[in-house]
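For reference, the structure is listed below as structure tokens.
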Amino acid sequence: PGGSLSQEIERLRIAALRARLLGYDVAASRDFSVRRLTRNLVLLNIAVRRVARRGPLDAAGSRAAIFVARSYEQLAELPELDSVSLRMTAAVHYELAGFQANAATMARLAMPVRDFSTDGAYNLPELASLFLQRRFLACRLARPTQPVSLREDLDQDALVAAAVRLAQEALGNAASYFLLGDSAVIEEAAEDLSIARDALLDIGAVHDTNLIDGLRVLLPRLQATSTWTALAPLLPGNPLWARYLRALGRGVGSSGALDSRSISELWPSQMSAVDGGVLDGRSHVVRMPTSAGKTRIAEMAIVHALATRP
């Protein structure tokens with residue numbers, strides 16, 4: 001049977017749920033066309049990213065991004081498809097919709113990251129997983145260290161390898177921005193991701209092209225909401241304020257530095273408080289729901305006060 005895309009995704013969700021709970025074969029119990037479903041999702045994926053390139057998504061765009069994310073998440077349940085690529089695509093769209101926790105969870109599910117003591121270089125999905133989990137220090141340290149060159153005389157396999165290494169280097173450089181605040185680094189990273197994407201697209205490396213393109217679309221959004229964009233201009237040149245932003249970038253918590261998740265962006269509620277003047281040196285009352293970021297706002301106000309009135 002046919003039906004709308006949303007109806008087919010719902011049938012897939014039910015089939016996957018039955019497979020998990022009852023042990024049914026999800027492939028045998030489906031009543032939809034995987035080829036048609038995949039084709040329609042690819043078109044919607046492209047459309048959402050095209051809109052995201054023009055700026056932040058509005059309410060309709062965010063709903064479309066969430067639908068794409070959930071659809072790819074369900075599609076990853078099919079055993080004959082590449083679950084890593086599908087889940088990473090879901091993570092990118094959760095991120096575009098502003099669901100950072102969902103994106104990090106999906107990235108971790110798609111590609112659990114090896115411990116740094118494990119031998120062998122990190123592949124592109126592993127580095128992308130680190131990046132989407134905001135483990136920026138680990139992402140920076142895991143990037144390739146050898147210079148990358150996309151030369152015209154490379155054969156196809158060598159070109160793929162070089163383009164992937166360029167994308168990996170770009171992710172490491174983008175991570176450096178969130179750690180240290182150098183805007184030139186993230187601009188270079190965006191350019192390198194575009195070069196790597198175009199090179200892989202020309203030779204038909206679909207999965208790598210799709211992942212790199214998604215990360216390229218995300219960079220401007222992440223930069224726009226970063227602590228460096230929102231907070232650094234408030235006290236330019238102040239060493240205590242800059243040190244605080246670097247500490248946030250490295251991450252906090254009881255786990256080791258390489259496992260810490262960076263506090264590199266402000267939530268919309270925190271942006272509203274900053275825009276409303278919570279750091280202007282006057283007394284304020286902040287009223288927000290539970291887990292909306294009040295503690296971080298108070299912390300920022302304390303550090304700002306210490307930096308301006310030591």
Are Leu179 and Leu215 connected, step by step, through hydrophobic side chains (Ile, Leu, Val, Met, Phe, Trp, Tyr) whose heavy atoms are closer than 4.5 Å?
yes
Single-linkage hydrophobic cluster Val217~Met106, side-chain heavy atoms < 4.5 angstrom
no
Checking side-chain polar atoms at under 3.5 Å, does Asp182 have a donor or acceptor matched by the opposite partner on Ser176?
no
Start with the C-alpha distance between Val92 and Leu218, add both sets of side-chain angles, then the distance that settles side chain to side chain contact (heavy atoms under 4.5 Å, CB included), and finish with yes or no.
CA-CA 8 Å; Val92 166; Leu218 282 178; 4.2 Å; yes
Short N-O contact, Arg134 and Glu95, less than 4.0 angstrom
yes
pair Met271-Pro268: side-chain heavy atoms closer than 4.5 Å:
no
Does one side chain, of Ser264 or Tyr177, offer a donor that lies under 3.5 Å from an acceptor on the other?
no
Taking all atoms of both residues into account, what is the closest heavy-atom pair of Ala174 and Leu219, and its distance?
CB-CD2, 4.0 Å
Verify the distance criterion only: is there a donor paired with an acceptor across the side chains of Ser226 and Thr229 at less than 3.5 Å?
yes
May I ask you to test the Leu130-Leu171 pair for a side-chain heavy-atom distance under 4.5 Å?
no
Are Leu43 and Phe67 connected into the same hydrophobic cluster when the rule is that any two of I, L, V, M, F, W, Y join if their side-chain heavy atoms are below 4.5 Å apart?
no
Are Leu37 and Val48 grouped together when hydrophobic residues (ILVMFWY) are joined by side-chain heavy atoms under 4.5 angstrom apart?
yes
Please report the shortest heavy-atom distance between Leu96 and Arg221, naming the atom on each side.
O-NE, 4.0 Å
Would you say the side chain of Leu211 lies within less than 4.5 Å of the side chain of Thr89, judging by non-hydrogen atoms?
no
Determine, step by step, whether Glu299 and Arg296 satisfy the salt bridge (Lys or Arg N to Asp or Glu O under 4.0 Å) criterion, reporting the C-alpha distance in whole Å, the side-chain angles of both residues, the deciding distance to 0.1 Å, and the verdict.
CA-CA 5 Å; Glu299 178 186 278; Arg296 188 69 60 207; 2.9 Å; yes
The criterion is salt bridge (Lys or Arg N to Asp or Glu O under 4.0 Å); which residues satisfy it with Glu188, sequence neighbours excluded?
none
Does either side chain, that of Asn210 or that of Arg49, offer a donor lying less than 3.5 Å from an acceptor on the other one?
yes
Sequence neighbours excluded, the answer for side-chain contact (heavy atoms from CB on, under 4.5 Å) partners of Arg243 is Arg246
Identify each donor-acceptor pair in which a side-chain atom of residues 191-201 lies under 3.5 Å from a protein atom, sequence neighbours left out, and give them as a table.
{"unit_1": "Ser194", "atom_1": "OG", "unit_2": "Ala190", "atom_2": "O", "d": "3.1"}
{"unit_1": "Ser194", "atom_1": "OG", "unit_2": "Arg216", "atom_2": "NE", "d": "3.0"}
{"unit_1": "Arg197", "atom_1": "NH1", "unit_2": "Asp213", "atom_2": "OD1", "d": "3.2"}

